[in-house]
Amino acid sequence: MKKRIIILGSTGSIGTQTLDVIRQYKDDFEVVGLACNTNILLLQKQIQEFKPKYVAVSDEKAASRLPKGDFTLFDGDMAITSLCTIECDILLNSLVGIEGLAPTITAIKFGTNIALANKETLVTGGDIVMNLAKENNVSILPVDSEHSAIWQCMDFNKDKKIDKILLTASGGAFRGKTKDEIKFLKASDALKHPTWNMGNKVTIDSATLMNKGLEVIEAMHLFNMAPKDIEIIVHKESIIHSMIQYKDGSIIGQLSYPDMKLPIQVALNYPKRGEHLFTPLSFKDLTLHFEEVDLDTFPCLKIALDVANKRGLQPTIMNAANEELVQLYLQDKIGFYDISNYIQKALDKFSGEDKLSLFNIQRVDWDVREFIKKSI
């Protein structure tokens with residue numbers, strides 16, 4: 001029997017690569033639902049090819065441009081949440097930002113296993129999401145390359161006892177540069193990632209190393225680890241996607257050329273491993289380098305590590321500010337270090353917010369965004 005798949009963010013980077021994977025397994029997967037925000041042209045092509053029974057478009061104007069077809073259409077603010085109530089075997093969440101949180105919670109309540117490529121779901125609501133998943137006997141299958149690597153190294157057993165996680169980081173486009181060199185560089189420079197081809201927001205987060213901070217928080221929830229037991233190592237080649245260390249000192253790592261289709265394939269095929277062959281490593285051609293992270297040059301990571309220890313609503317405050325500031329940086333309205341400076345201002349202003357609930361997450365998220373908009 002085919003696994004029924006729903007993809008949130010089907011027109012984005014992870015969504016399109018997920019459909020690439022599904023093309024390799026036409027007899028194993030059925031695309032039940034697709035969701036996007038505004039990219040109707042690409043969505044229309046995906047509908048024609050994969051023939052989903054349900055489609056969700058969160059932008060009403062964009063939805064009005066979608067020709068009618070043999071599918072049920074959800075549109076508007078609740079479109080994606082409505083799609084998450086549809087029965088399927090795996091819901092792949094590749095939405096960008098905190099917009100991924102509420103749909104994840106809805107799908108979990110309906111007993112759907114989640115292939116998670118949306119960091120912010122666990123960054124902002126990790127305690128809520130993981131508790132709900134446990135209550136509803138739902139699996140959270142990591143799609144981020146680093147978390148997939150850790151999961152694979154643990155032999156798909158997230159309860160396995162380990163000493164620490166070794167989380168690798170490419171270092172982003174500004175690796176090795178000084179603060180004086182970086183402070184005048186624009187978003188167009190930050191988008192030139194040396195090893196990965198990703199969406200704009202994630203690529204900027206990689207340049208600030210905020211992405212690695214978000215991944216520490218995500219790993220903390222996924223694998224029930226304290227932040228102090230998650231070590232970050234800069235590894236510019238992006239060949240070792242992460243490692244785990246056991247108490248006896250043994251270290252196990254997952255290696256492959258950088259290609260997001262591999263962790264996507266692992267999540268979709270779980271508990272089996274897929275058979276589609278990716279380019280195997282040629283060890284005779286490999287040279288691997290490792291460095292310590294520079295928290296002074298990349299203060300966003302320092303902030304994120306501090307927030308990881310505080311938990312509560314602190315990660316939501318940081319995330320909301322970062323999302324707004326990254327968009328401003330992409331528009332060349334602020335400088336590189338304005339991102340970390342204003343994140344800290346937001347954390348200072350909203351530091352009294354600490355009671356965790358979905359309502360408070362959404363309320364604080366809105367308040368912080370308004371604060372950033374008014375501040376700049």
Side-chain angles (χ1 to χ4, degrees), residues 8-9 12 36-38 57-62 75-81 93 95-106 118-129 186-187 190 199-205 207-211 213-214 217-218 299-308 310-376:
L8 308 186
C36 81
N37 183 28
T38 59
V57 181
S58 54
D59 185 290
E60 287 188 24
K61 290 184 178 178
D75 64 341
D77 293 340
M78 296 300 294
I80 291 177
T81 300
N93 185 346
L95 298 173
V96 176
I98 198 172
E99 297 301 321
L101 175 59
T104 299
I105 289 175
T106 299
N118 174 262
K119 293 180 179 66
E120 292 80 3
T121 287
L122 293 182
V123 169
T124 61
D127 288 317
I128 296 171
V129 168
K186 302 292 186 182
N200 287 353
K201 197 269 182 182
V202 178
T203 307
I204 298 299
D205 281 347
T208 65
L209 289 193
M210 175 58 83
N211 199 45
L214 299 178
I217 300 173
E218 188 179 5
C300 278
L301 178 55
K302 186 176 182 180
I303 291 171
L305 295 177
D306 181 56
V307 161
K310 292 180 177 177
R311 300 175 82 135
L313 287 170
Q314 291 281 300
T316 297
I317 297 166
M318 176 191 73
N319 181 74
N322 181 64
E323 285 188 17
E324 291 296 318
L325 291 160
V326 166
Q327 293 307 312
L328 291 167
Y329 183 57
L330 283 166
Q331 298 165 28
D332 291 330
K333 291 182 177 179
I334 61 172
F336 183 84
Y337 286 108
D338 288 326
I339 298 175
S340 54
N341 290 340
Y342 278 95
I343 290 173
Q344 190 58 59
K345 288 178 187 291
L347 286 165
D348 292 341
K349 180 174 176 59
F350 295 94
S351 60
E353 303 282 1
D354 58 2
K355 184 173 175 56
L356 190 66
S357 68
L358 179 57
F359 175 80
N360 280 343
I361 288 171
Q362 293 171 330
R363 176 180 57 81
V364 170
D365 176 80
W366 190 89
D367 288 344
V368 171
R369 291 174 192 275
E370 289 302 300
F371 168 73
I372 295 297
K373 290 171 185 175
K374 291 175 182 176
S375 298
I376 298 176

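On a predicted model such as this, the values are computed, not experimentally measured, just so you know. Values below: all heavy atoms of this structure, side chains included; hydrogens, waters and symmetry mates excluded. This chain uses plain numbering: 1 for the first residue, then up along the sequence.
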[atom1]/[X]: more than 12 non-hydrogen atoms of other groups inside 6.0 Å:
X	atom1	value
Gln344	CD	yes
Lys201	NZ	yes
Lys373	NZ	yes

Residue pair Ile217, Leu122: steps toward the side-chain contact (heavy atoms from CB on, under 4.5 Å) verdict: CA-CA 7 Å; Ile217 300 173; Leu122 293 182; over 6 Å; no

Residues that Asp77 engages under side-chain contact (heavy atoms from CB on, under 4.5 Å), provided they are two or more places apart: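 Residues passing side-chain contact (heavy atoms from CB on, under 4.5 Å) with Asp77: none at all.
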
Listed partners of Asp365 passing side-chain contact (heavy atoms from CB on, under 4.5 Å), at least two apart: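 Testing Asp365 for side-chain contact (heavy atoms from CB on, under 4.5 Å), a comparison that skips the adjacent residues, returns Ile98, Thr316, Ala320, Arg369.
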
Closest non-hydrogen atom pair, [X] against [Y]:
X	Y	value
Phe336	Ala207	CZ-O, 3.6 Å
Ala62	Asn37	CB-O, 3.8 Å
Ile339	Cys300	CG2-SG, 3.9 Å
Gln362	Ala102	NE2-CB, 4.2 Å
Leu356	Gly312	CD1-O, 3.6 Å
Val123	Pro315	O-CB, 3.1 Å

Quick one: [atom1] on [X] to [atom2] on [Y], what's the gap to the nearest 0.5 Å?
X	Y	atom1	atom2	answer
Asn319	Glu324	CG	CD	10.5 Å
Thr124	Met318	OG1	CE	10.0 Å
Phe371	Lys345	CZ	NZ	7.5 Å
Leu214	Asp205	CG	CG	5.5 Å
Glu323	Ile204	CD	CD1	14.0 Å
Ile334	Leu325	CD1	CG	4.5 Å

Just wondering, do [Y] and [X] contact through their side chains at under 4.5 Å, heavy atoms?
X	Y	result
Asn118	Val96	no
Val129	Leu101	yes
Lys310	Val307	no
Leu347	Asp306	no

Dump the intermediate steps for side-chain contact (heavy atoms from CB on, under 4.5 Å) on Leu328 and Ile372, then the final yes or no. CA-CA 10 Å; Leu328 291 167; Ile372 295 297; 4.2 Å; yes

Any side-chain hydrogen bond (donor to acceptor under 3.5 Å, both in side chains) involving residues 332-343? Give me the pairs, sequence neighbours left out, ordered by first then second residue.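 Of all non-adjacent pairs touching residues 332-343, those that pass side-chain hydrogen bond (donor to acceptor under 3.5 Å, both in side chains) are Gln331-Lys333.
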
Just by distance, with hydrogens left out, do Asn93 and Thr104 show a side-chain donor and acceptor under 3.5 Å apart?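 Their side chains do contain a donor-acceptor pair, which is all the 3.5 Å distance test asks for.
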
